[in-house]
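Predicted model, so just to flag it, every value in this text is computed and none were measured. Just so we're on the same page: letters track the sequence lines, and every chain starts at 1.
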Amino acid sequence: MTSSTSRADRPTWVVLGRTDVGQVAAALLDADGAELSQLTMAASGFAVWVRGLEAEHAPRWVWNDAPAWYADLLAAGVRIARCHDLRLCHAILRASALVTDAAAIRAAPAWDAAPHVAAEESVPALFEWEGDAVAQRLGPPAGFEEAVAEFARQRAAISSSTDPGRLRLLTAAESAGALIAEEMRAAGLPWDAATHDRILTEMLGERPAAGGPPSKLASAADRVRAALGDPAAGLDSQPKLLRALHRAGVMVESTSRWELAEQRHPVIEPLLEYKKLSRLQSANGWTWLAEWVQDGRFRPVYVPGGVVTGRWASSGGGALQLPRQLRDAVRADAGWRLIVADVAQLEPRVLAAMAGDTALADAARGRDLYAGIVDSGAVATRQEAKIAILGAMYGATTGESGRLVPRLRRIYPRAMALVDDAARVGEDGGLVSTWLGRTSPGPSEGWSNVQSRATEADASGAEETRARRWARDRGRFTRNFVVQGTAAEWALAWMADLRTRLAAMPPVEPADAAALSGPAFARHPHLAFFLHDEVIVHAPEAHAEAAAQAVQDAAATAARLLFGDFPIDFPLDVRIARSARKD
DNA sequence: TCCCGTGGCGCG
DNA sequence: AAAGCGCGCCACGGGA
């Protein structure tokens with residue numbers, strides 16, 4: 001390791017990148033972004049160096065892409081407190097309406113990279129890199145000079161924006177999410193394959209050794225074919241199934257569950273059963289179990305910022321679609337517990353706070369926001385309140401939901417004005433932003449063409465109708481964007497604070513952790529799963545109560561961080577249990 | 001043979 | 001029941 005200048009004095013930021021010769025370079029910056037020192041080192045010594053600096057200063061590590069760097073650091077036993085993910089923050093800043101001069105950011109399109117994809121096995125690990133393999137491993141610009149330049153652009157964009165505080169919070173939260181996603185992947189979700197197998201066997205029947213469908217699935221198929229009077233009916237092909245139904249006199253337009261359920265015919269019951277079992281088999285059956293659960297852990301690939309609203313997406317394993325039926329297979333290790341926590345009605349609470357709607361915030365006080373709405377007299381029943389609120393946030397215009405929404409408009413004018421305004425802006429082709437400044441994408445070229453065409457004198461009625469429909473579609477998107485996106489920001493702030501609290505708790509002794517195969521940080525209570533408004537923490541039994549309290553405390557912190565003193569509750573349902581089963 | 005659009009359904 | 005938003009994955013089938 002060589003240092004090009006004098007020893008650093010407590011760097012706030014450490015910008016990382018590789019150099020042409022395949023080494024890691026680091027620029028140590030003070031809080032103002034002024035360079036304190038710069039150094040390069042052999043990749044083989046990188047993890048140890050990070051560990052040392054982290055213990056001294058816990059700087060914010062600035063890198064092009066968290067998965068590319070952090071997965072290998074975790075594998076080397078090094079956990080960090082904070083980072084700045086240039087790729088994720090670039091995506092936010094290039095589009096944010098709060099950024100008044102985005103020209104420099106937008107002039108660096110190399111940073112508009114797709115989310116990192118897990119490296120192929122054949123690509124050397126970060127610390128074994130040589131030559132071009134590094135580029136494959138690191139994805140978007142991995143070079144040191146590019147990282148330094150992009151970080152300077154991002155700092156300038158934030159500090160000259162109309163609200164640097166919000167963008168600092170948003171970029172910090174987004175970057176914390178990137179760390180959490182990698183840590184959750186490394187730790188994995190504790191998964192009991194034997195329980196999963198038992199559930200599959202109970203529902204699908206015994207699995208034939210020779211392959212072929214399990215017994216209960218096969219018997220459901222037989223009953224369907226018998227009821228259709230068609231021993232050869234194809235059940236897995238929608239067109240074939242539809243034709244077979246028509247031949248049997250079931251005149252449906254689709255084979256979807258809800259339409260089938262309206263029919264009265266002997267085929268309906270076994271067909272719905274077959275579809276349910278078939279879905280379980282193909283989505284989360286034995287093949288899924290063998291592919292995705294190893295050593296008692298399900299390791300999904302989370303994609304932070306993968307949804308335009310800022311929600312996370314996932315890639316592989318269907319991590320965000322785990323069916324409730326299988327939650328009993330999520331099992332704490334021996335001597336450990338799961339803390340399963342979700343926020344009750346996160347989105348309407350976020351809406352109340354964003355809009356400063358004290359009437360809706362009053363209704364939200366306490367456990368059940370929908371009960372509060374009933375108490376306000378807006379609607380008669382809890383079910384109506386739920387339908388009305390969902391309709392308000394999603395833009396329902398028809399049916400019961402569309403009928404109930406106007407009642408909310410009278411009782412909660414500020415909250416409704418916020419979503420109605422967002423919809424109007426979207427219909428006009430404009431941009432909307434979340435509370436912290438994540439801005440929606442603009443309309444597509446095709447959308448704009450359709451709109452301008454419809455305004456021309458010789459536009460046909462069909463063209464005008466289509467333009468109106470597309471405008472309404474976009475209005476529903478922007479209406480929901482502000483709420484869904486701000487809820488995602490709240491959830492990121494919640495998790496980021498929770499992560500810090502959990503990491504500060506004592507780890508189990510290595511002797512007690514002999515059976516644990518995971519990374520070192522997973523000897524502490526740690527996040528194991530996240531799904532929009534729910535987290536699962538895996539914690540040693542002795543720390544389970546403290547971890548549950550940390551989940552609560554973090555929610556209070558998130559509320560204060562985003563909404564200051566505005567009086568809005570975010571009540572949690574928190575359970576400490578051995579399994580994640582919901583009753 | 002592979003790619004892509006569609007229907008359907010799991011999650012929030 | 002869906003409706004009204006955001007996703008990912010599977011199976012199928014048609015086209016390249």
Whole Å only: how far is the [atom1] atom of [X] from the [atom2] atom of [N]?
X: A:Lys240; N: C:dC12; atom1: NZ; atom2: P; result: 8 Å
X: A:Met416; N: C:dG4; atom1: CE; atom2: C1'; result: 12 Å
X: A:Glu262; N: C:dA2; atom1: CD; atom2: C1'; result: 9 Å
X: A:Leu217; N: C:dC10; atom1: CG; atom2: C1'; result: 14 Å
X: A:Asp236; N: C:dG13; atom1: CG; atom2: P; result: 9 Å
X: A:Trp312; N: C:dG8; atom1: CH2; atom2: C1'; result: 16 Å
X: A:Arg438; N: C:dG6; atom1: CZ; atom2: P; result: 15 Å
X: A:Leu235; N: C:dC12; atom1: CG; atom2: P; result: 11 Å

Original post:
Think A:Ser237 has a side-chain N or O under 4.0 angstrom from the OP1 or OP2 of C:dA11?
Top reply: no

Original post:
Quick one: which of C:dC5, C:dG8, C:dG4 gets closest to the side chain of A:Phe477?
Top reply: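 Minimum distance to the A:Phe477 side chain belongs to C:dC5.
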
Original post:
Could you run down nucleotides 4-12 of chain B 5' to 3' and tag each one B, S or - for protein heavy-atom contact under 4.0 Å?
Top reply: ---SBBBSB

Original post:
Relative to each other, are the rings of A:Phe530 and A:Trp312 parallel, tilted or perpendicular (30° and 60° limits)?
Top reply: perpendicular

Original post:
A:Trp435 vs A:Phe563 aromatic rings, parallel, tilted or perpendicular, using cut-offs 30° and 60°?
Top reply: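 A:Trp435 and A:Phe563: tilted rings.
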
Subject >> Residue whose closest nucleotide on DNA chain C lies nearer the 5' end, A:Gly318 versus A:Pro239 >> reply: A:Gly318

Original post:
Does A:Arg479 use its side chain to pair, donor to acceptor, with the backbone of A:Ala392 at less than 3.5 Å?
Top reply: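 The answer is yes, because a donor-acceptor pair under 3.5 Å joins these two groups.
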
**OP:** Classify the nucleic acid contact of A:Gly317 as base, sugar-phosphate or nothing, counting any heavy atom under 4.0 Å across all strands shown.
**Re:**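 Answer is sugar-phosphate: A:Gly317 comes under 4.0 Å of backbone atoms only.
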
**OP:** Assign A:Ser278 to base, sugar-phosphate, or nothing according to its heavy-atom contacts below 4.0 angstrom with the strands shown.
**Re:** nothing

Original post:
Do A:Ile389 and A:Leu351 come close enough that some side-chain heavy atom pair is under 4.5 Å?
Top reply: no

**OP:** Kindly determine whether A:Phe298 and A:Trp288 satisfy ring pair (Phe, Tyr, Trp, His ring centres under 6.0 Å), including the steps that lead there.
**Re:** CA-CA 10 Å; A:Phe298 170 43; A:Trp288 181 93; 4.9 Å; yes

Original post:
Who does B:dC4 pair with, Watson-Crick or G-U, both distances under 3.5 Å?
Top reply: C:dG13

**OP:** Could you grab the distance from atom CD of A:Gln238 to atom OG1 of A:Thr255, nearest 0.5 Å is fine?
**Re:**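 That separation rounds to 4.0 Å.
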
Original post:
Can the positive tip of A:Arg474 be found less than 6.0 Å from the middle of the six-membered ring of A:Trp470, inside 45° of the ring normal?
Top reply: no

